[in-house]
Amino acid sequence: MKIKKYFTTNHIIEGLGLAILLSAFIYIEHFSLLSGYAQVIFNTITITYGIYRVIIAKKYLSTLLAKLLDIYANVKNSTPKIIPISA
């Protein structure tokens, strides 16, 4: 089974971007890059957009998981191939 069939580079980049987006407010606060209302507004926007992207990703992941479980069920129910070992 090839993983290219289920994931693309675009999906991996989107996941990385989502991880950065959801952790941005932690780093902004730790390094004190923003302060006051700018920090509150930035945190609100990044967290809201990050949660929105997670909800969208969940729809895709549920579809992918259903496909993978279907493939697993088909492989589990199939008869195994016996390959003779030559000495």
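Start at 1 with the first residue, then count along the sequence. All values below were derived from every heavy atom in this structure, side-chain atoms included, with hydrogens, water molecules and symmetry-related copies excluded.
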Item to check | Pairs involving residues 45-56, ordered by first then second residue, that meet salt bridge (charged side-chain N to carboxylate O under 4.0 Å, His left out) (sequence neighbours left out) | outcome: Glu14-Arg53
Item to check | salt bridge (charged side-chain N to carboxylate O under 4.0 Å, His left out): pairs with one or both residues in residues 33-44, sequence neighbours excluded | outcome: none
Checklist entry - Among the clusters formed by ILVMFWY side chains lying less than 4.5 Å apart, do Tyr37 and Leu33 turn up in the same one? => result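 No, Tyr37 does not connect to Leu33 through the hydrophobic network.
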Checklist entry - Which residues pass the salt bridge (charged side-chain N to carboxylate O under 4.0 Å, His left out) test with Glu29, sequence neighbours left out? => result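 With neighbours one apart ignored, the set is empty.
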Item to check | Exercise: identify the closest heavy-atom pair between Thr48 and Thr44 | outcome: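 Closest heavy-atom pair between Thr48 and Thr44: OG1-O, 2.6 Å.
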Could you list the donor-acceptor pairs under 3.5 angstrom formed between side-chain atoms of residues 16-28 and any protein atom two or more places apart in sequence or on another chain?
from	atom 1	to	atom 2	distance (Å)
Ser23	OG	Ala19	O	2.8
Ser23	OG	Ile20	O	3.4

Checklist entry - Hey, what else clusters with Ile45 if you join Ile, Leu, Val, Met, Phe, Trp, Tyr whenever side-chain heavy atoms sit under 4.5 Å? => result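 Noted: Ile45 shares its cluster with Ile41.
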